[in-house]
Novice: 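Starting off with a structure, shown below.
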Amino acid sequence: MLPARFSEIRTRILAIALVPSLVLLVIGVVLAAYLTAQGRHARQFSDTFSAYRESAHDLILAVEQERFQSLWQLAGNEPNPRELAAARAAFDETLRKQVATQGHLAAAGGSMNDSISAFNQLQAKLPQLRGGVDHGTLPPADAYHFFSALLDYGDESVAALGQSENVPDPTSTLRLMQTVSLLHVVEANARAAALTVTAAGPAGLPADLVEEYRDQVGAYRVALTQVAVALPPELSKRATDIVASSAWQQLGAMETALLTPAKPGAAQLPMSVTDWRGVATHVNEQLLTLWSDLYQAAQDHARAAATDKANNSLLAGALTAAVAIAAFVLSLLLANRLIGRLKRLRTETLALAEEQLPETMRKLSAGERVDPETDSARLDFGSDEIGSVASAFNRAHTAAVTAAVTEARTREGVRAVFLNIAQRSQLVVHRLLEILDDAERRQEDPEVLEILFRLDHLATRERRNAENLIILGGGRPGRKWRRPVDLLELVRSAVAETLDYARVHTGRLPRVFVAGDVVADLIHLLAELVDNATAFSPPGSRVEVSGGIAGKGVIVEIGDQGTGMTPEDLARANAMLSRPPDFAVATLSSDSRLGLFVVARLAVRHGISVKLSDSVYGGVRAIVLIPNALITTGPAAADGPEQPALAEHSPGALISAMRAGEVAETPVG
């Protein structure tokens, strides 16, 4: 489960760390793209502005020339077909060039497209209008308004260009608006000149154009003075010089004469129409050049501003993207570092729980000295929250080791008291058996002797109980044999130590001898198994003990006719017999079959295999395998007189005879 939890923590940490960084990265990339697009649009505006300048200049000049020539002819003045044809050819050429320029203007969007569409619709009527001029059937007012409308749409195109969202900066917008204002001055001057031609003609100025003539004259004269103030210094001076020039004054005198009702007719004009035409052309060219230069200055500024904006946008976009990427990478590194620390904490904590703590418990079980201070965990993860968790693990481990040491010391104390009491009881029983042996040798009365044998039998069982306590406490009983013992005698001695020995039937056993240092423990082991068989079988049933020789050693089988054990209990008992648990009160109290625990401890001590299974009678069959290493081919040379056959004795005599081959016990008092 731990890796799954950790994986979930990893996902959450990465989400917490990386989601804001990813959002910042997306915002940075979007902002960089937006700024780059803004720079590109600024460059497009600069290109459109530049492309419009030359075509606008040519268009204004061409429209003004054809309008002037058309009104000149309609006014009844001496016609000049060559000049009219040249003006029309120049206008047509300008219109052909306008196709590419309109593409740039259309890219600016907004009201620019509306102005272009209206200009094209008006242009389609040009052939019909020219026919009316050639036949003299077109009223001068219609010709005037037609060509003026063409230039009005041109002015609107320039104004719409200034309102485009792609203008790089406010200064560019201001400069563009200045060009529009100056263009109005140029156009007002050209319109006044066209109306002057009509007013100076034989038919005079139509009534519907008188007010228009007065407005245009006043407009260009007042507007130029106002515009000149806002122009750059050099251009402002040029505009002031135009206003102060003699040509400007002559135009004013001519226009004043034509607008004064008290002085009608061409005879009272201050100059001839031919002379006036030269002066008007000169002033118009000056104004148009001033406008062209102002437009060029505005174009240069727009190009420089667009270049700066594009470069700055590209730089800002790159920096924004770089900062976003750096924040993302930094968040990833910090998250991975945090996850790495958590991994290390997990690894070291698992090592603490699965290696160090079990090793400490093993030392305590083996009786080695353990110091909680030196054997405690040393997880060092700094002073932050992870370090606090590691410190908590350190304190928990120290508390666990301290509690284990305390418990081990308590258990060791209890075990020492336990062993001391058991060994004292063993000493008392040992002295009792010595007294009984002495009494049996001196007594000749069969009835009294039988009572002594029964007391001897009970004392022997009590000695085995004391030995059980010593074994449970981890000690070794003091009984030992100096020489090998016949397996049959060993089995009969074990049977003699049981309570219901009369119910036990000993069958055929192989003629083998068991090494002397194993005899005491093997007698104890078999006696416990036989006791269990008699205790958990009906009182009138028999317990069968038999044996045989196998490849790995000698087998002794003990079978009863009891109710048996469940498969779960058999599996649990066999597991304990093969791997006996450590001595603990909880272990003992959880299972009342203490004899099996003693059997398991004795079997493991000598490498003897004990396994329980179902018997053919429905009870339990215990199979004891004594390995070949514990079997000898014959008895060793006896140090004393040869013992009598044990089978001939009663249980009490059998125990006494077996005891004759023992080494003196040395129980602890």
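Note that these values count all heavy atoms, side chains included, but never hydrogens, waters or copies made by symmetry.
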Novice: Residues two or more places apart in sequence or in another chain: which of them pass side-chain contact (heavy atoms from CB on, under 4.5 Å) with Ala247?
Specialist: Ser245, Val279, His282, Val283
Novice: Ignoring hydrogens, what is the shortest heavy-atom contact between Pro140 and Leu209? Give both atom names and the distance.
Specialist: C-CD1, 4.5 Å
Novice: Closest heavy-atom contact between Met271 and Trp276?
Specialist: SD-CA, 3.3 Å
Novice: What's the separation between atom CD in Gln69 and atom CZ in Arg82, rounded to the nearest 0.5 Å?
Specialist: 12.0 Å
Novice: Quick one: does Val185's side chain get under 4.5 Å of Asn189's, heavy atoms only?
Specialist: no
Novice: So how far is it from Phe68 CZ to Leu84 CG, rounded to the nearest 0.5 Å?
Specialist: 12.0 Å
Novice: Report the distance from atom CH2 of Trp291 to atom CD of Glu187, rounding to the nearest 0.5 Å.
Specialist: 11.5 Å
Novice: Would you please name every residue forming a side-chain contact (heavy atoms from CB on, under 4.5 Å) with Ala194, sequence neighbours left out?
Specialist: Arg67, Leu71
Novice: Apply side-chain hydrogen bond (donor to acceptor under 3.5 Å, both in side chains) to Asp92 and list each qualifying residue two or more places apart in sequence or on a separate chain.
Specialist: Arg130
Novice: Return the minimal non-hydrogen interatomic distance between Asn284 and Val186, and the atom names on each side.
Specialist: ND2-O, 3.8 Å
Novice: Nearest 0.5 angstrom please: Met177 CE to Leu183 CG, how far?
Specialist: 11.0 Å
Novice: Could you check whether any side-chain heavy atom of Asp142 comes within less than 4.5 Å of a side-chain heavy atom of Leu129, counting everything from C-beta outward?
Specialist: no
Novice: Going by atom types only, do Gln216 and Glu212 share a side-chain donor-acceptor pair under 3.5 Å?
Specialist: yes
Novice: So, Gln249 side chain and Val243 main chain: donor-acceptor pair closer than 3.5 Å or not?
Specialist: yes
Novice: On a heavy-atom basis, which atom in Val227 and which in Ser181 lie closest, and how many Å separate them?
Specialist: CG2-CB, 3.8 Å
Novice: With salt bridge (Lys or Arg N to Asp or Glu O under 4.0 Å) as the rule and sequence neighbours excluded, what pairs involving residues 219-228 come up?
Specialist: Arg221-Glu255
Novice: Using 0.5 Å steps for rounding, measure from the CD1 atom of Ile325 to the CG atom of Leu330.
Specialist: 13.5 Å
Novice: Salt bridge (Lys or Arg N to Asp or Glu O under 4.0 Å): which pairs involve residues 196-211, sequence neighbours left out?
Specialist: Glu211-Arg214
Novice: Which residues pass the ring pair (Phe, Tyr, Trp, His ring centres under 6.0 Å) test with Tyr220, sequence neighbours left out?
Specialist: Trp248
Novice: Return each pair, listed once, that meets side chain to side chain donor-acceptor pair (under 3.5 Å) where at least one residue sits in residues 227-237; pairs must be two or more places apart or across chains.
Specialist: Lys237-Asp241
Novice: Compare every heavy atom of Gln73 with every heavy atom of Val133, then report the nearest pair and how far apart it is.
Specialist: O-NE2, 3.5 Å
Novice: Quick check: do Thr225 and Thr240 have side-chain heavy atoms less than 4.5 Å from each other?
Specialist: no
Novice: Who passes side-chain hydrogen bond (donor to acceptor under 3.5 Å, both in side chains) against Thr196, sequence neighbours left out?
Specialist: Tyr213
Novice: For Leu205 and Leu195, which heavy atoms make the closest approach, and how far apart are they?
Specialist: CD1-O, 3.8 Å
Novice: Walk me through whether Trp72 and Val273 qualify under side chain to side chain contact (heavy atoms under 4.5 Å, CB included).
Specialist: CA-CA 11 Å; Trp72 178 277; Val273 175; 3.6 Å; yes
Novice: Tell me the ring-ring contact (aromatic ring centres under 6.0 Å, His included) pairs involving residues 339-359, sequence neighbours left out?
Specialist: none
Novice: How would you list all residue pairs meeting salt bridge (Lys or Arg N to Asp or Glu O under 4.0 Å) that involve residues 274-286, not counting sequence neighbours?
Specialist: Glu83-Arg277
Novice: Only counting residues at least two apart or in another chain, list the ones meeting salt bridge (charged side-chain N to carboxylate O under 4.0 Å, His left out) with Asp134.
Specialist: Arg88
Novice: Who are the side-chain contact (heavy atoms from CB on, under 4.5 Å) partners of Pro232, not counting sequence neighbours?
Specialist: Gln178, Leu235, Leu294
